[in-house]
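Note on naming: letters A, B, ... go to the chains in the order of the sequence lines (proteins, then strands), and numbering restarts at 1 for each one. It should be emphasised that the depicted structure is a prediction, and the values quoted were computed from it without experimental measurement.
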There are 2 protein chains.
Amino acid sequence: MVDRIGLLKRPASPRGRRVPAKGDDDLAGLAWGLAHPARAAILRLLLERGECVCGAIVDSMPLAQATVSQHLKVLKETGWIEGEIDGPRVCYCPTAGAMTRFKQLLQSLESGERR
Amino acid sequence: MVDRIGLLKRPASPRGRRVPAKGDDDLAGLAWGLAHPARAAILRLLLERGECVCGAIVDSMPLAQATVSQHLKVLKETGWIEGEIDGPRVCYCPTAGAMTRFKQLLQSLESGERR
DNA sequence: ATCGTTAATCGTCAATCTACGATATGATCG
DNA sequence: CGATCATATCGTAGATTGACGATTAACGAT
């Protein structure tokens, strides 16, 4: 069965025998955010510059505005970035601690910790 | 145009204005491998145990054998694990250095290095 | 109020993902 | 050889992704 009844947009950890390690969903979520080169590029840009208005991001990518906007949405939903409305435009910046959190989750994968 | 002419299974870095940082594809590829909770769980299991035969992995997950096999394939293709045929079964283990490489790529994201 | 700019959202299409049962392959045992 | 166990692969259904143009919404300026 392994549902997905419509509550979750992205696959949740399959429930079952193995205790689902809790961190797997979080890890998968953050990993998902980076799992597209365009999103990696956007995050790289933001980490380089600290922050950046949407338009500048669009200009730096060979993708349509709508597409970039979608990727920004994914990055926001997965917790990598935040957007702040700044007059008529939106300024994006990396979420503080997201990278650290991700690395922690990776570490917990390695060390078999249960968090 | 931003093609994808069939050579690549997963989205390649969109070509265009911004020099595509090269690492973005690698990073996205590895991230993709972890971007599903089941795959994170499998990798966790392998890192905990060092190695594990396929059947034991299947038994520990609430997924059909075919599905687990598919996830194992993705993990293999993205470079996270290796499988060694061991008599009638297949023994999987984490690829040495994959985690390190992934962390390096993350680091290069943060520091704006170009590799 | 109206216009222009900026960004998000809508609608759509083709491609891909995830899940599964069924089937094929491969090795070992009797 | 034939039966059996362990995995991989095939085929398929349904959901989701990623791309885009078009539209909408939100703001600031005229």
Side-chain angles (χ1 to χ4, degrees), chain A residues 1-16 25 28-29 31-42 52-78 81-92, chain B residues 1-16 25 28-29 31-42 52-78 81-92:
Chain A
M1 205 179 66
V2 178
D3 48 53
R4 179 134 34 119
I5 14 177
L7 290 174
L8 298 156
K9 315 202 160 179
R10 271 177 268 291
S13 186
R15 286 181 275 299
D25 282 352
W32 173 251
L34 296 185
H36 190 293
R39 291 197 292 270
I42 290 170
C52 200
V53 293
C54 177
I57 299 171
V58 171
D59 289 342
S60 77
M61 313 265 316
L63 295 172
Q65 179 263 324
T67 306
V68 173
S69 192
Q70 261 184 182
H71 283 306
L72 287 168
K73 190 180 184 182
V74 172
L75 283 169
K76 234 189 307 180
E77 286 175 352
T78 53
I81 67 174
E82 287 163 15
E84 189 190 349
I85 295 169
D86 170 26
R89 59 202 69 181
V90 177
C91 184
Y92 285 98
Chain B
M1 208 179 61
V2 179
D3 45 55
R4 180 134 35 119
I5 12 175
L7 290 174
L8 299 155
K9 318 201 159 181
R10 272 177 269 289
S13 186
R15 286 181 275 299
D25 282 353
W32 172 251
L34 296 184
H36 191 292
R39 290 196 292 269
I42 290 171
C52 200
V53 294
C54 176
I57 300 172
V58 171
D59 288 343
S60 77
M61 314 265 315
L63 295 171
Q65 179 263 324
T67 306
V68 173
S69 192
Q70 260 184 183
H71 282 306
L72 287 168
K73 190 179 183 182
V74 172
L75 284 169
K76 235 189 305 177
E77 286 174 352
T78 53
I81 67 173
E82 286 163 16
E84 190 190 348
I85 295 170
D86 171 26
R89 61 201 69 181
V90 178
C91 184
Y92 285 98

| field | Heavy-atom closest contact (Ala40(B) atom, Leu34(B) atom, distance) | value | CB-O, 4.3 Å
| So what is the end-to-end bend of the helix from dA1(C)-dT30(D) to dG30(C)-dC1(D), with 5 pairs used at each end and the value given to 10 degrees? | 10°
| task | Kindly compute the distance separating CG (Asp59(A)) from SG (Cys54(A)), expressed to the nearest 0.5 Å. | result | 9.5 Å
| message | Distance check needed: dT7(D) C1' versus Ile57(B) CD1, whole Å only. | response | 11 Å
| message | Is there a side-chain contact (heavy atoms from CB on, under 4.5 Å) between Ser69(A) and Gln65(A)? Walk through the geometry before answering. | response | CA-CA 6 Å; Ser69(A) 192; Gln65(A) 179 263 324; 4.1 Å; yes
| Are Glu84(A) and Val90(A) close enough that some pair of their side-chain heavy atoms sits under 4.5 Å apart? | no
| message | From CD1 of Ile42(A) over to C1' of dG18(D), roughly how many Å is that when rounded to an integer? | response | 12 Å
| message | Looking at dA19(D), I'd like to know if its phosphate oxygens (OP1 or OP2) sit under 4.0 Å from a side-chain N or O belonging to His36(A). | response | yes
| query | DNA chain D: Ala64(A) or Ile85(A), which has the more 5' nearest nucleotide? | reply | Ala64(A)
| message | Is there a side-chain contact between His71(B) and the phosphate of dC17(C), meaning an N or O under 4.0 Å from OP1 or OP2? | response | no
| note | Closest non-hydrogen atoms of Ala35(A) and Ala35(B), given as atom of the first, atom of the second and distance, are CB-CB, 4.2 Å
Would you tabulate the pairs of protein nitrogen or oxygen atoms and nucleotide nitrogen or oxygen atoms of nucleotides 2-11 of chain C closer than 3.5 angstrom?
from, atom 1, to, atom 2, distance (Å)
dA7(C), OP1, Cys54(A), N, 3.4
dA7(C), OP1, Gly55(A), N, 3.4
dA7(C), OP1, Val90(A), N, 3.3
dA7(C), OP2, Gly55(A), N, 2.8
dA8(C), OP1, Tyr92(A), OH, 2.2
dA8(C), OP2, Ser69(A), OG, 3.0
dA8(C), N7, Gln65(A), NE2, 2.7
dA8(C), N6, Gln65(A), OE1, 2.9

| field | Side chains of Tyr92(B) and Leu72(B) in contact at under 4.5 Å (non-hydrogen atoms) | value | yes
| query | Who pairs with Thr67(A) by side-chain contact (heavy atoms from CB on, under 4.5 Å), at least two apart in sequence or on another chain? | reply | Leu63(A), Ala64(A), His71(A)
| field | Length of the line joining Trp32(B):CH2 and dT18(C):P, which is rounded to integer Å | value | 5 Å
| Donor-acceptor contact below 3.5 Å, side chain Arg39(B) vs main chain Trp32(B) | yes
